[in-house]
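So the structure is just underneath, and the comments pick up after that.
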Amino acid sequence: MNLIRRLHSPPQITTRSLKSIASVAESLDASTPSTLAPLINGIHVFHCPDAVGIVAKLSECIASREGNILGADIFVPENKSVFYSRSEFNFNPSKWPRAQMDDDFLKIAKTFNAMRSVVRVPCLDEKYKIAVLASRQDHCLVDLLHGWQDGRLTIDVTCVISNHDRGSNTHVIRFLERHGIPYHYLRTTKGNKRETEILDLVQDTDFLVLARYMQILSGDFLKGYGKDVINIHHGLLPSFKGGHPSKQAFDAGVKLIGATSHFVTDQLDAGPIIEQMVERVSHRDTLQSFVLKSEGLEKQCLAKAIKSYCELRVLPYEENKTVVF
């Protein structure tokens with residue numbers, strides 16, 4: 001009964017001046033321990049020869065700096081002595097400075113002779129800088145630019161390069177001018193793919209995206225660039241390589257069409273696959289509806305591949321495969 005009476009009694013209200021409240025707030029701020037400071041997220045990926053204790057060392061590294069693992073993916077292929085992992089964790093940057101984090105993971109990488117050890121803190125590190133190469137068709141380019149604009153893709157687009165001369169009043173050119181992104185028109189011929197000029201334009205990027213760029217990049221170009229190049233192919237590789245894959249699929253009477261995003265190598269449409277998407281078709285579809293469905297898949301597939309790459313979800317596996325966490 002005493003409890004019931006207490007709940008129904010009128011609340012006691014203490015009136016305090018705004019100056020007094022501000023003084024208390026300042027006092028609380030000054031006394032707030034660093035453990036209550038906002039936590040931020042980090043990502044670490046690891047690829048090394050398999051050995052006992054890798055997971056323990058990685059966990060210990062994060063925990064010793066008062067970080068907390070939010071999720072971890074591990075892959076050890078059957079009958080292969082190789083280890084892959086991707087960890088997401090949060091931490092207090094005042095207790096684990098960014099430079100110290102690099103040093104801590106570097107020590108583990110040396111301990112296990114890692115082939116790859118990459119750490120990324122999205123809210124502290126610079127966004128990946130990319131250049132986009134595109135030909136006449138706009139759908140993948142436009143979707144990528146809108147993904148950048150609304151924050152779905154955490155990238156910085158440094159420039160767009162094309163072998164197609166878009167008019168000044170086109171949607172793409174107006175968008176690029178509005179956002180201060182340079183557009184470089186480089187007319188190509190069979191004898192001159194303008195690769196030297198392209199290399200000069202993309203040297204300061206982290207990776208390239210081919211958004212339906214209908215020119216084949218040479219092995220010399222790929223070697224000169226030395227970083228990853230991501231392509232979207234409007235077909236479900238390894239079937240229907242090369243040109244006009246939608247017509248190839250239509251003529252073959254397939255019941256599933258697809259799009260494939262892959263790394264570019266000196267072998268045509270044969271690089272390691274990052275992402276694939278499919279959609280069902282039937283005898284009622286025309287070549288035009290094949291193409292329309294394919295374009296929708298291409299946009300989604302390319303965006304997903306870029307997002308996975310930027311989130312450190314993609315790791316090389318064997319000669320021509322990927323691990324995608």
Side-chain angles (χ1 to χ4, degrees), residues 33-78 80-130 151 153-156 203-209 225-230 263 272 274-275 304-319 321-325:
S34 61
T35 53
L36 297 182
L39 300 179
I40 59 177
N41 289 359
I43 307 167
H44 177 251
V45 294
F46 204 58
H47 175 203
C48 69
D50 194 23
V52 174
I54 302 172
V55 174
K57 281 292 184 185
L58 292 171
S59 301
E60 181 186 7
C61 173
I62 295 169
S64 68
R65 301 293 183 179
E66 299 187 30
N68 184 43
I69 296 176
L70 304 175
D73 287 300
I74 295 166
F75 174 57
V76 179
E78 188 177 1
K80 295 183 186 298
S81 184
V82 63
F83 174 94
Y84 297 87
S85 74
R86 179 184 183 275
S87 306
E88 290 191 34
F89 55 93
N90 61 19
F91 67 99
N92 183 335
S94 66
K95 294 195 168 194
W96 199 5
R98 186 67 183 83
Q100 182 64 57
M101 182 182 293
D102 283 336
D103 290 342
D104 290 345
F105 283 118
L106 180 60
K107 289 175 185 175
I108 298 177
K110 289 179 178 178
T111 299
F112 292 103
N113 297 313
M115 290 80 89
R116 179 172 300 209
S117 176
V118 182
V119 63
R120 185 159 179 79
V121 181
C123 69
L124 297 181
D125 298 346
E126 288 187 359
K127 293 179 181 178
Y128 286 114
K129 296 177 182 177
I130 74 164
L153 299 176
T154 54
I155 53 176
D156 275 334
Q203 281 305 312
D204 293 331
T205 58
D206 295 302
F207 66 96
L208 301 183
V209 174
Y225 181 59
K227 302 169 209 171
D228 290 326
V229 181
I230 296 176
F263 290 114
I274 303 170
E275 184 62 57
K304 180 71 180 297
I306 294 170
K307 189 172 187 293
S308 295
Y309 185 90
C310 292
E311 292 176 351
L312 302 185
R313 296 184 181 277
V314 185
L315 290 169
Y317 172 44
E318 293 187 335
E319 233 180 81
K321 297 180 182 179
T322 56
V323 171
V324 182
F325 284 121

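These figures come from a predicted structure and were not determined experimentally. Atom set for the values below is all heavy atoms of this structure, side chains included, hydrogens, waters and symmetry mates excluded.
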To the nearest 0.5 Å, what is the distance between [atom1] ([X]) and [atom2] ([Y])?
{"X": "L39", "Y": "W96", "atom1": "CG", "atom2": "CH2", "value": "12.5 Å"}
{"X": "I130", "Y": "I155", "atom1": "CD1", "atom2": "CD1", "value": "3.5 Å"}
{"X": "Q100", "Y": "K95", "atom1": "CD", "atom2": "NZ", "value": "14.5 Å"}
{"X": "I62", "Y": "N90", "atom1": "CD1", "atom2": "CG", "value": "10.0 Å"}
{"X": "E66", "Y": "S94", "atom1": "CD", "atom2": "OG", "value": "9.0 Å"}
{"X": "H44", "Y": "I108", "atom1": "NE2", "atom2": "CD1", "value": "7.0 Å"}

For [Y], does its backbone N or O pair with a side-chain atom of [X] as donor and acceptor, under 3.5 Å?
{"X": "R86", "Y": "E311", "result": "yes"}
{"X": "D206", "Y": "K129", "result": "yes"}
{"X": "S59", "Y": "A56", "result": "no"}
{"X": "K227", "Y": "Q203", "result": "yes"}

Nearest heavy-atom neighbours spanning [X] and [Y]:
{"X": "P122", "Y": "N41", "value": "CD-O, 3.6 Å"}
{"X": "T154", "Y": "K127", "value": "O-CB, 3.9 Å"}
{"X": "P38", "Y": "P93", "value": "O-CD, 3.8 Å"}
{"X": "E275", "Y": "K304", "value": "OE1-CG, 3.4 Å"}
{"X": "I54", "Y": "P49", "value": "CD1-O, 3.7 Å"}

Item to check | Salt-bridge criterion met for K107 and D103 (N-O under 4.0 Å) | outcome: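 No salt bridge links K107 with D103.
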
Item to check | Basic-acidic side-chain contact under 4.0 Å: R98, D125 | outcome: yes

Can you find a pair of side-chain heavy atoms, one from [X] and one from [Y], that are under 4.5 Å apart?
{"X": "D50", "Y": "V82", "value": "no"}
{"X": "F325", "Y": "V45", "value": "no"}
{"X": "P316", "Y": "R116", "value": "yes"}
{"X": "V55", "Y": "S85", "value": "no"}
{"X": "Y128", "Y": "I306", "value": "no"}
{"X": "F112", "Y": "F46", "value": "yes"}
{"X": "F263", "Y": "I274", "value": "yes"}
{"X": "L315", "Y": "F75", "value": "no"}

Checklist entry - Under 30°, 30 to 60°, or over 60°: which ring-plane class applies to Y317 and Y84, parallel, tilted or perpendicular? => result perpendicular

Checklist entry - Should the ring pair Y309 and F207 be called parallel, tilted or perpendicular, given that the plane angle runs from 0 to 90° and is split at 30 and 60? => result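 Rings of Y309 and F207: tilted, 30 to 60°.
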
Next on the checklist: Apply side-chain contact (heavy atoms from CB on, under 4.5 Å) to residues I40 and F91 and explain how you reach the verdict.
Outcome noted: CA-CA 6 Å; I40 59 177; F91 67 99; 3.6 Å; yes

Next on the checklist: Test side-chain contact (heavy atoms from CB on, under 4.5 Å) on T111 and K57; report intermediate values, then the result.
Outcome noted: CA-CA 10 Å; T111 299; K57 281 292 184 185; 5.6 Å; no

Next on the checklist: Does atom NZ (K80) have a neighbourhood of more than 12 heavy atoms from anything else shown, all under 6.0 Å?
Outcome noted: no

Item to check | Face-on cation placement of R65 at F89 ring, 6.0 Å and 45° thresholds | outcome: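 No, R65 does not sit over the ring of F89.
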
